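First comes the structure, then the notes that go with it.
Quick caveat, the model's predicted, so the values are computed rather than measured. Naming convention: chains lettered A, B, ... in sequence-line order (proteins, then strands); numbering from 1 in each chain.
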Amino acid sequence: MQDRIVSRDFYEADVLSVAKGLLGRLLVHCSEGGRTSGMIVETEAYSAEGDPSCHAWRGKTNRNAVMFGPPGRAYVYFIYGNHYCFNVVTNRVGRAEAVLIRALEPVEGMETMHKRRGKHHQINNLTSGPGKLCAALGIGRSENGLSILEPPLFIAAYREIETAAIGISGRIGISRGKEKPWRFFLRDNPFVSRMR
DNA sequence: CGGGAGATGGGCT
DNA sequence: GCCCATCTCCCGA
């Protein structure tokens with residue numbers, strides 16, 4: 001089946017709409033290990049506007065520069081000395097917003113993903129976290145700033161999600177802005193990083 | 001099976 | 001030097 005790649009206008013919207021709208025879509029990376037992909041089941045929104053937990057809150061720096069650029073690009077950053085996190089830039093140039101992809105349901109390239117994650121993992125521990133899914137899909141430093149509007153890295157239509165199937169909560173792993181209901185996930189999906 | 005601590009390195013004060 | 005949008009292992013129950 002042909003990929004129906006999500007186009008730039010989808011990302012030219014406020015970060016909360018995009019965060020919700022990404023649920024049920026397929027994140028695909030084609031690289032040396034072949035094609036790996038998963039359905040997006042958990043996202044979080046970050047915005048420089050009134051959100052102290054956002055990397056861009058204090059203004060533009062080398063690390064967060066991609067967030068200030070055009071929508072439809074990957075913002076990948078390194079965290080805790082071990083892990084990468086993958087974000088999608090939204091809205092318009094100068095407006096620093098991004099959606100963190102927190103969990104996937106594995107779809108293609110299972111063998112490659114297992115190999116990249118190392119050791120033996122249960123299937124529901126393969127991509128159920130922002131650091132885990134980057135490792136599984138082979139996303140790292142060199143993908144930062146890359147377009148996600150065409151291969152090798154893109155997001156495509158996959159499943160239609162009903163509003164009633166979406167759960168909402170505070171974001172995970174931050175100290176400021178915990179109370180904002182900016183985390184979105186598929187209720188009852190076993191690949192979500194944590195239930196709430 | 002739930003909680004806690006250690007690993008580990010880059011970014012920013 | 002401290003913080004950090006995390007993961008894994010190990011412990012106790």
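- Taking atom OH of residue Tyr84(A) and atom P of nucleotide dG9(B), one finds them 11 Å apart after rounding to whole Å.
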Polar-atom pairs under 3.5 Å, protein N or O versus N or O of nucleotides 2-7 of chain B: list them with distances, or write none.
from, atom 1, to, atom 2, distance (Å)
dA7(B), N3, Asn82(A), ND2, 3.4

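- The CZ atom of Phe185(A) sits 11.0 Å away from the CZ atom of Arg102(A) when rounded to the nearest 0.5 Å.
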Return the polar atom pairs (N/O with N/O) between nucleotides 11-13 of chain B and the protein under 3.5 Å, or none.
from, atom 1, to, atom 2, distance (Å)
dC12(B), OP1, Thr61(A), OG1, 2.6

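- Looking only at distances, a side-chain donor or acceptor of His114(A) sits under 3.5 Å from a matching main-chain atom of His121(A).
- We find the CZ-CG distance between Arg159(A) and Leu23(A) to be 13.5 Å, quoted to the nearest 0.5 Å.
- Toward the 5′ end of DNA chain C lies the nearest nucleotide of Val99(A), the other residue of the pair His121(A) and Val99(A) mapping further downstream.
- Counting only distance, with no hydrogens or angles, the side chain of Arg25(A) and the backbone of Ile155(A) share no donor-acceptor pair below 3.5 Å.
- To the nearest 0.5 Å, atom NZ of residue Lys132(A) and atom CG of residue Leu137(A) are 14.0 Å apart.
- Within the nucleic acid shown, Gly81(A) comes within 4.0 Å of at least one base atom, counting heavy atoms only.
- Shown for residues 12-23 of chain A: no residue has heavy atoms falling under 4.0 angstrom of DNA chain B.
- Remark: Glu150(A) engages Ser147(A) in a side chain to side chain contact (heavy atoms under 4.5 Å, CB included) (not counting sequence neighbours).
- Judged purely by atom type and a 3.5 angstrom limit, Lys178(A) uses its side chain to pair as donor or acceptor with the backbone of Ile174(A).
- By the 4.5 Å heavy-atom criterion applied to side chains, Asp51(A) and Arg171(A) are counted as neighbours.
- Counting all heavy atoms, side chain and backbone alike, Cys85(A) lies closest to Ile79(A) at SG-CG2, 3.9 Å.
- In this structure the side chain of Arg117(A) reaches within 4.5 angstrom of the side chain of Asn125(A), judged on heavy atoms.
- Boundaries of the chain A contact region on DNA chain C are dC4(C) to dC9(C), first to last in 5' to 3' order (nucleotide atom under 4.0 Å from a heavy atom).
- If you check every strand for non-hydrogen atoms under 4.0 Å, Arg194(A) touches nothing.
- At least one donor-acceptor pair closer than 3.5 Å links the side chain of Asn64(A) to the backbone N or O of His55(A).
- No donor-acceptor distance shorter than 3.5 angstrom exists from the side chain of Ser169(A) to the backbone of Arg183(A), with no hydrogens or angles considered.
- In plain terms, the two heavy atoms of Tyr11(A) and Ser7(A) that are nearest each other are CD1-O, 3.6 Å.
- Aromatic pair Tyr84(A)/Phe86(A): centroids not less than 6.0 angstrom apart.
- Consecutive Watson-Crick or G-U pairs involving DNA chain B, each under 3.5 Å on both distances, make up stems of three or more pairs at B:1-7 with C:6-12, B:9-12 with C:1-4.
- With hydrogens and angles ignored, the 3.5 Å screen pairs no side-chain donor or acceptor of Glu143(A) with any backbone N or O of Val76(A).
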